[in-house]
Number of protein chains: 2
Amino acid sequence: MTLGHPRFPDAASEPCLAVRDVLDRVGDTWSVSVVGRLGCGPMRFNELKRSIDGISQRMLTLTLRGLERDGLVSRTVHPTIPPRVEYALTLLGRTLLEPVTALSQWAALNRATIQEARRRYDARPPPEPLAVVEDKAE
Amino acid sequence: MTLGHPRFPDAASEPCLAVRDVLDRVGDTWSVSVVGRLGCGPMRFNELKRSIDGISQRMLTLTLRGLERDGLVSRTVHPTIPPRVEYALTLLGRTLLEPVTALSQWAALNRATIQEARRRYDARPPPEPLAVVEDKAE
DNA sequence: CTGTATCCCCACGGATACTG
DNA sequence: CAGTATCCGTGGGGATACAG
């Protein structure tokens, strides 16, 4: 039953489905950034907004709501004037930080390689004009 | 310089940006599934298509092209009739399998918890009708 | 300060048909 | 078998304005 190529454990048979779950949550444009920032400690709304480059108010709210909904982030309102709302990772949210960090390290490590591969790929001549399509002078 | 709450290493200052890179590649609907399947060994196009539930021909092609472009997947054409094309993870692609698996394990482990959190969140009464809006009988 | 509500664009991805 | 081409719907996300 030995095969000619290395086999990983079924590291990806049903786990695949599980990954999609996480990615559906964390794969969007902003969740990781938010979780990342909160990984450094609780933060207020505008503090987050300022520290995450390019995020809109709307998206920050939506992202935070999503994370809160899934129990990854807690939201604490201090009923003062002006209002003060603090967001923080929950215990669950912090455990997520680990695999995400692993991913980020992989990314940091291989970013250059990937960009190079991409560059090469893009620089390839298109396969061929296929059949010469009789470009008859109209 | 001690603060009142646990601090993670800057696990997310610039790494954040790196993560986005990976997620832009792997965060889409199908990449992880494809990489996952290929983690079990090389496969042909339709073999992949059949083994990944719900993927369309178009998306399989696009996903494979993307992964190939980034040097994560190799594409080998056997010029026979009918054509035979084999896809496989490159070395780089295999290293990606690791952090992805970590993520999938996290997902598998916490899926139930998250769904429960989600259920509770959704079952919450809407904050309030705000101010009673004088629903005067028109 | 911390949001919600609207409008609007466009990229992702499905369905289908055609080709080497 | 292994794609490419086309059409099209949906929703993610930006910009802006308004509200408690």
Side-chain angles (χ1 to χ4, degrees), chain A residues 20 23-34 37-38 42-69 73-88 121 124 126-134, chain B residues 20 23-34 37-38 42-69 73-88 121 124 126-134:
Chain A
R20 277 252 47 78
L23 289 180
D24 284 343
R25 161 80 285 127
V26 134
D28 63 70
T29 314
W30 301 109
S31 287
V32 164
S33 304
V34 171
R37 292 312 291 139
L38 291 180
M43 287 180 102
R44 302 179 51 176
F45 187 87
N46 273 354
E47 205 175 349
L48 273 170
K49 180 155 169 17
R50 276 188 301 268
S51 77
I52 299 175
D53 189 67
I55 196 170
S56 66
Q57 203 162 33
R58 175 186 138 89
M59 285 321 294
L60 181 52
T61 303
L62 289 181
T63 303
L64 285 169
R65 289 295 171 278
L67 294 170
E68 189 195 355
R69 182 167 108 104
V73 159
S74 67
R75 176 171 182 272
T76 317
V77 182
H78 301 85
T80 60
I81 293 183
R84 176 193 182 82
V85 182
E86 283 221 334
Y87 292 93
Y121 185 96
R124 293 188 337 190
E128 228 147 294
L130 290 177
V132 182
V133 197
E134 280 314 338
Chain B
R20 276 254 46 78
L23 290 180
D24 284 343
R25 160 79 287 127
V26 134
D28 63 70
T29 314
W30 300 110
S31 288
V32 164
S33 303
V34 171
R37 292 312 291 136
L38 291 180
M43 287 181 102
R44 303 179 51 178
F45 186 86
N46 274 354
E47 204 175 347
L48 273 170
K49 179 157 170 19
R50 277 188 301 268
S51 78
I52 299 175
D53 190 67
I55 196 171
S56 66
Q57 204 162 30
R58 176 186 137 88
M59 284 322 293
L60 181 52
T61 302
L62 289 181
T63 303
L64 286 169
R65 290 295 172 277
L67 294 170
E68 189 196 354
R69 182 166 108 105
V73 159
S74 67
R75 176 170 180 272
T76 317
V77 183
H78 300 85
T80 61
I81 294 183
R84 175 191 183 82
V85 182
E86 284 219 334
Y87 292 93
Y121 186 96
R124 293 190 332 192
E128 227 149 292
L130 292 177
V132 183
V133 196
E134 276 319 334

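Convention: sequence-line order gives letters A, B, ...; per-chain numbering from 1. Just so it is clear, the values below take in all heavy atoms, side chains as well, and ignore hydrogens, waters and symmetry mates.
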Base versus backbone protein contacts along nucleotides 2-14 of chain D [heavy-atom cut-off under 4.0 Å; B, S, -]: BBB-B------BB
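Residues satisfying the salt bridge (Lys or Arg N to Asp or Glu O under 4.0 Å) test with A:Arg25, not counting sequence neighbours, are A:Asp70. B:Ser51 meets the side-chain hydrogen bond (donor to acceptor under 3.5 Å, both in side chains) test with B:Arg37; sequence neighbours excluded. With sequence neighbours left out, the side chain to side chain contact (heavy atoms under 4.5 Å, CB included) criterion links A:Arg69 to B:Arg118, B:Tyr121, B:Asp122. Residues passing the side chain to side chain contact (heavy atoms under 4.5 Å, CB included) test with B:Asn46, sequence neighbours excluded: B:Lys49, B:Arg50. Taking A:Glu47 as the reference, nothing meets the salt bridge (Lys or Arg N to Asp or Glu O under 4.0 Å) condition, with sequence neighbours excluded. Residues passing the salt bridge (Lys or Arg N to Asp or Glu O under 4.0 Å) test with A:Arg65, sequence neighbours excluded: none.
A:Tyr87 contributes atom OH, which lies 4.5 Å from atom CZ of A:Arg75 (distance to the nearest 0.5 angstrom).
Taking the C1' atoms of five terminal pairs at each end of the helix from C:dC1-D:dG20 to C:dG20-D:dC1, the two resulting helix axes are inclined by 40°, rounded to 10°.
C:dG13 atom P lies 11 Å from atom CG of A:Asp24, rounded to whole Å. Per the geometry, CD1 belonging to B:Ile81 stands 9 Å off C1' belonging to C:dG20, to the nearest Å.
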Would you mind writing out the side-chain donor-acceptor pairs for residues 52-62 of chain A within the sub-3.5 Å range, not counting sequence neighbours?
unit_1  : atom_1 : unit_2  : atom_2 : d
A:Ser56 : OG     : A:Met59 : N      : 3.2
A:Thr61 : OG1    : A:Gln57 : O      : 3.1

